[in-house]
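First comes the structure, then the notes that go with it.
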Number of protein chains: 2
Amino acid sequence: MSSQLKPGTSNACNITSLSLACEVNDVLRSISPRWKMQILHKIAAGHVQFSTLKQAFPSLSDQILGKRLGELVADELILKVVVKEKPPQHIVYEITDRAMELLKVIDDLHQWGLKWS
Amino acid sequence: MSSQLKPGTSNACNITSLSLACEVNDVLRSISPRWKMQILHKIAAGHVQFSTLKQAFPSLSDQILGKRLGELVADELILKVVVKEKPPQHIVYEITDRAMELLKVIDDLHQWGLKWS
DNA sequence: CCGCATCCCTTTGGATACTG
DNA sequence: CAGTATCCAAAGGGATGCGG
């Protein structure tokens with residue numbers, strides 16, 4: 001952590017790998033779509049249903065919500081639990097461990113935003 | 001900092017504020033455009049010029065690079081230093097303190113991505 | 001050497017309407 | 001209750017070419 005600023009040598013902050021350039025972009029891409037982290041955060045607060053999220057974010061439309069939930073499931077950030085199969089269905093979403101860890105970092109980002117806004 | 005969360009519903013992870021929903025989105029929006037963090041990361045490694053960045057990212061075009069640099073300056077994540085005014089100009093970009101702190105969080109994000117990929 | 005103007009294609013987000 | 005289909009407007013990213 002004591003390395004000096006010199007072009008081409010090691011970097012100033014404790015960024016571990018220069019392959020960061022490639023990798024972190026994928027992460028950023030996956031978490032930055034609109035509503036995604038809000039939805040995830042809401043789910044983190046407890047098991048919620050589709051309708052719960054609709055109420056929580058009135059200006060979020062159905063098909064975007066459905067799309068985001070699908071992405072979050074695909075990313076394994078949430079789990080879709082079918083409580084009752086037949087209509088009227090009952091489905092709840094649960095957060096996963098990896099998402100909990102992600103939210104810690106997201107919170108750091110939030111803190112950074114507050115500090116420097 | 002009032003929370004919309006019901007009393008007793010404790011937050012599963014240690015997210016401090018529920019206003020996170022609004023705020024962190026702005027941060028994510030500002031850091032997620034393509035190339036932006038790569039450019040910032042490169043600048044963090046030492047003072048660099050426009051041409052340095054062009055070489056570092058061959059598939060990055062001039063106008064996108066110019067746009068990103070402008071955004072980074074506007075965000076006060078980098079400083080534009082005019083070394084020589086008249087053509088041929090000489091300009092270097094320097095990282096700011098707030099960007100250094102940001103990069104630490106970005107690195108955490110990177111680590112998270114590596115861990116769970 | 002350091003960029004911007006213009007044009008264009010792709011991706012994203014959303015409105016409206018409909019189904020199991 | 002829990003979504004999907006279709007269509008559409010807006011923003012993002014890039015190629016080409018030019019100017020200070």
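Chain naming here is simple, since letters A, B, ... match the order of the sequence lines and numbering starts at 1 in each.
With hydrogens and angles disregarded, no donor-acceptor distance shorter than 3.5 Å links the side chain of Trp112(A) to the backbone of Leu103(B). Judged by distance alone, with hydrogens and angles left aside, the side-chain atoms of Ser32(B) form no donor-acceptor pair with the main-chain N or O of Arg29(A) at under 3.5 Å. No donor-acceptor pair closer than 3.5 Å links the side chain of Lys54(A) to the backbone N or O of Ser61(A).
If you take CD of Gln89(B) and P of dC4(C), they are 11 Å apart, rounded to a whole angstrom. At whole-Å resolution of the value, NE2 in His90(B) and C1' in dC2(C) are 12 Å apart. In this entry the distance linking CD1 of Ile91(B) with P of dC2(C) reads 7 Å, nearest Å. Taking atom CG of Asn25(B) as the reference point, atom C1' of dG13(C) lies 13 Å away to the nearest angstrom. dG13(C) atom P lies 12 Å from atom CG of Leu28(B), rounded to whole Å. Here dG20(D) presents its C1' atom at 11 Å from CD of Glu85(B), a figure rounded to the nearest Å. Atom pair Leu69(B):CG and dG3(C):P shows a separation of 7 Å (rounding to whole Å applied). If you take CD1 of Ile39(A) and C1' of dG3(D), they are 14 Å apart, rounded to a whole angstrom.
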For nucleotides 10-16 of chain D, which of its nitrogen or oxygen atoms have a protein nitrogen or oxygen under 3.5 Å away, and what is each distance?
unit_1  : atom_1 : unit_2   : atom_2 : d
dG13(D) : OP1    : Arg29(A) : NH2    : 3.4
dG13(D) : OP1    : Arg34(B) : N      : 3.1
dG13(D) : OP2    : Arg68(B) : NH2    : 2.4
dG14(D) : OP1    : Arg34(B) : NE     : 3.0
dG14(D) : OP1    : Arg34(B) : NH2    : 2.6
dG14(D) : OP2    : Trp35(B) : NE1    : 3.2
dA15(D) : N7     : Gln63(B) : NE2    : 2.6
dA15(D) : N6     : Gln63(B) : NE2    : 3.0

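Lys80(B) comes within 4.0 angstrom of the backbone, heavy atoms only, and of no base.
Grouping the Ile, Leu, Val, Met, Phe, Trp and Tyr side chains by contacts below 4.5 angstrom, directly or via other members, places Val81(A) apart from Met100(A).
The pair Glu94(B)-Lys80(B) fails the salt-bridge criterion, with no side-chain N (NZ, NE, NH1 or NH2) lying under 4.0 Å from an Asp/Glu carboxylate O.
Between Tyr93(B) and the phosphate of dG3(C), there is a side-chain N or O to OP1/OP2 separation shorter than 4.0 Å.
Within the helix from dC1(C)-dG20(D) to dG20(C)-dC1(D), the inter-axis angle between the opening and closing five-pair segments is 50°, rounded to 10°.
Within the 4.5 Å cutoff, side-chain heavy atoms of Lys42(A) are placed close to those of Leu53(A). For the pair Val83(A)/Ile91(A), no side-chain contact is recorded, criterion being any heavy-atom separation below 4.5 Å from C-beta on. The closest side-chain heavy-atom distance from Leu69(B) to Phe50(B) is below 4.5 Å.
Between Tyr93(A) and Ile43(A), the shortest heavy-atom contact is O-CG2, 3.5 Å.
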